[in-house]
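Both counts, for ligands and for their atoms, begin at 1 and track the order of listing.
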Amino acid sequence: MKKLKLVSTVFMVAFLLILSACGTSKTGGDGGKTLRVVTDAAYAPFEYQDKGEVVGFDIDFINAVAKEAGVKVKVEHVGWDPLFVELDKKTADLGISAITINDERKQSYDFTVPYFLSTNKILVPEGSDIKSAADLKNGKTVAVQNATTGQEAVEGLLGKNNEKIKKFENNNLAILELKSGGADAVVADNTVVEEYVKNNPKDKFVVIEDSGAFAKEFYGLMMPKGSKLKADLDKAIKEVIDNGTYAKIYKKWFKVEPDTQILKDQQ
Ligand code: ARG
């Protein structure tokens with residue numbers, strides 16, 4: 001009898017130990033689950049690979065937001081199309097990749113509040129006769145990254161199945177096509193093409209702006225539909241914008257002060 005009691009006490013203690021261990025891993029900061037964040041790291045300065053590491057404005061931003069929200073994140077480069085597939089299958093918790101919030105995507109995914117203002121612009125060689133979006137309609141070949149708002153914008157100008165639109169898996173390949181003469185222009189997010197021109201003066205490219213043809217866009221973090229993360233992430237994004245962390249990261253990458261009011265007006 002005594003032995004039985006001892007055995008059951010041992011079991012009881014072990015059971016309680018296991019329970020308390022479970023408890024800490026759920027509530028304790030560093031025991032929490034790490035969120036899988038997917039990206040297409042071929043879109044400098046937002047996300048790109050540097051010595052095998054994924055870096056960029058978006059990476060600093062998501063790390064700041066995660067810290068504020070008290071969650072752990074691990075950012076992984078998977079590519080643009082796979083990013084959407086992973087969120088469809090819920091094998092990832094979050095996508096960050098200079099992703100424009102739009103109605104079409106909102107049908108399949110949830111977005112946080114906006115964190116960045118963007119618009120499409122046109123990258124062309126110096127001396128090109130392309131001076132506006134309308135000029136692309138004069139038989140020009142335009143390279144874009146597949147399934148981006150850049151592709152959509154060009155389709156709006158040239159027609160959906162126009163074979164003058166060359167689609168690439170990532171934006172670097174679209175720019176390479178321009179470099180090699182296989183395209184007359186690239187249409188992509190302003191910051192990306194402007195940064196490219198700045199960093200590659202030897203290519204002799206220029207950026208054409210056409211705010212009449214290309215809409216204002218806002219980036220958001222993208223989640224599977226119904227994700228429970230949205231409320232916490234929205235709160236954390238607002239906080240890093242309000243407490244100056246956002247401005248710090250913005251200045252690190254763009255050397256100028258951000259217009260945070262334009263983001264707050266969207267919240
Ligand atoms: N903002 C554009 C869009 O959402 C382009 C984003 C491309 N991002 C990338 N990491 N390649 O369609």
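Ligand 1 has an N or O atom lying under 3.5 Å from an N or O atom of Q145, backbone or side chain. Taking only nitrogen or oxygen atoms, main chain and side chain alike, E217 does not reach within less than 3.5 Å of ligand 1. Here's the thing with R105: one of its N/O atoms is less than 3.5 angstrom from an N/O atom of ligand 1.
Atoms of ligand 1 lying under 4.0 Å from at least one heavy atom of I99, given by number and element, are 4 (O). Atoms of ligand 1 lying under 4.0 Å from any heavy atom of Y219, numbered from 1 in the order shown and given with element: 1 (N). Which parts of ligand 1 touch D40 is read off a 4.0 Å heavy-atom cut-off, strictly below it: atoms 9 (C), 10 (N), 11 (N).
Under the side chain to side chain contact (heavy atoms under 4.5 Å, CB included) rule, L83 has a single partner from D88, I99, V37, which is I99. Results of the side chain to side chain donor-acceptor pair (under 3.5 Å) test with D58 over Y115, W253, Y43 single out Y115 as the only residue that passes.
Here Y250 and F61 keep their ring centres 6.0 angstrom or further from each other. Ring centroid separation for the pair F84 and Y109 comes in under the 6.0 Å cut-off.
Between the side chain of D189 and the backbone N or O of T191, no donor-acceptor pair lies under 3.5 Å.
Heavy atoms of D189 come nearer than 4.0 angstrom to ligand 1 in at least one pair.
In terms of protein heavy-atom proximity, atom 8 (N) of ligand 1 is closest to S97 O, 2.8 Å. Residue, atom and distance of the protein heavy atom nearest to atom 6 (C) of ligand 1 are A98 O, 3.2 Å.
Across all non-hydrogen atoms, the minimal contact from N190 to S118 is OD1-OG, 3.4 Å.
By the neighbour-count criterion of 12 heavy atoms within 6.0 Å, atom NZ of K131 is densely surrounded, having more than that number from other residues, nucleotides or ligands.
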